[in-house]
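Beneath this line is the structure, given in structure tokens, with notes to follow.
Per chain, numbering begins at 1; letters A, B, ... match sequence-line order.
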Number of protein chains: 2
Amino acid sequence: MSQDGVDLKTSLGYLLKEASSALRVAMEEVLRPLGMTVTHYSCLELLAQRPGLSNSELARGAFVTRQSMNVLLQALERDGYVTRPAAAPVGKVLPTRLTPRGRRSLEKATVAVRSVEVRMLSGLTGPDQDGAFRILQSMIHSLREGG
Amino acid sequence: MSQDGVDLKTSLGYLLKEASSALRVAMEEVLRPLGMTVTHYSCLELLAQRPGLSNSELARGAFVTRQSMNVLLQALERDGYVTRPAAAPVGKVLPTRLTPRGRRSLEKATVAVRSVEVRMLSGLTGPDQDGAFRILQSMIHSLREGG
DNA sequence: TGACTCATGTCAGTATTCTGACATAGCCTG
DNA sequence: CAGGCTATGTCAGAATACTGACATGAGTCA
């Protein structure tokens, strides 16, 4: 590698992408032994916190399209991690729920992922940890209002 | 959508992913009219800042595999945005450079992307902008040392 | 009631990225 | 010099996510 940081390291966008990439790599690393991908885990975690979420809601929560989430859900259902009613109770929305097996699988994953999060925060002081939340929330808000 | 934020909004990992996703969406939005993807732009920007970068170095800088970067480079070379020598001057490394056309194309994209970055920072005070850099760099560093 | 709009679930095809594998070049150590 | 180790470029196949499209159900409004 030549020399680092002519201008890139002064770009917050690049830094954000770099951090996100590092987080993804670290998560994949701890989830792989459990036979789980990041999206896989995200889906289960979302369902644990808000049982009955629909396919589209899960997709938004995991930052993928509803089509992608649909194929994941079909696999998770086939393997017995989640259940969906055959027919929609109301409208077309199929509320999804974790099975006991899904819950057990999630528990191990949560421990692993939490360790990554702890590591990520380990270099930050208390005020900086609070600052991280505030700053990221501000960025998200600013990026989403009119382009 | 049910209710937001039982626990997810208190997870810095989730927030980081959310911010990164919002940034990606915003960048795709301004780059699409220019017929450019984010990875496409990243590659050109890297080459502008450090001419002569190899395929593998570009891949690391854009956070993709060298195989993915290779197919992108082949397309960019075919379309006349970059050039690579037919034979390696030393070893197997093929130094890549922007063509005038690539430079022109990048200029427009840089303006568009910079506007996104400005928007992202618009809600932050000066100290918070400095804090953002320091915090993200700390996270990256912590995530990369031994898992 | 009927038309319009929006959101959902799902199917099909496409595109992009990744994993696995191979040959080769440079580095370094004995 | 020989061997091992690492990094590179590249090819091929698999996995993953996306775009486009369709039918259906809910909500709104005249």
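Residues K17(A) and V38(B) have side chains in contact (heavy-atom distance under 4.5 Å, counting atoms from C-beta outward). No side-chain heavy atom of E57(B) sits less than 4.5 Å from a side-chain heavy atom of M69(B).
Comparing R32(A) and R84(A) by the nucleotide of DNA chain C whose heavy atom lies nearest to each, the residue mapping closer to the 5' end is R84(A). A residue-by-residue look at V90(A) and T65(A) shows that T65(A) has its nearest nucleotide of DNA chain D further toward the 5' end.
Residue N55(B) contributes atom CG, which lies 11 Å from atom P of dC11(D) at whole-angstrom precision. Atom-to-atom, CD of Q67(A) to C1' of dG20(D) comes out at 9 Å; the value is rounded to the nearest Å. Straight-line distance from the NZ atom of K92(B) to the P atom of dC5(D): 19 Å, rounded to whole Å. We find that CZ of F63(B) is positioned 15 Å from P of dT17(C), with the value rounded to whole Å.
Using a 4.0 Å heavy-atom criterion, one finds that S68(A) contacts the bases of the nucleic acid, with or without backbone contacts as well. Residue contacts shown for L94(B) are limited to sugar-phosphate atoms, with no base heavy atom under 4.0 Å away. Backbone-only contact: T39(B) has heavy atoms under 4.0 Å from sugar-phosphate atoms and none from a base. Residue E28(A) is out of contact with every strand shown, counting any heavy-atom pair closer than 4.0 Å.
Between the side chains of E45(A) and Y41(A), a donor-acceptor pair is found at a separation under 3.5 Å.
The aromatic rings of H40(B) and Y81(B) sit perpendicular to each other, their planes meeting at more than 60°, with 30° as the lower class boundary.
Between R66(A) and dA21(D), a side-chain N or O to OP1/OP2 separation shorter than 4.0 Å is absent.
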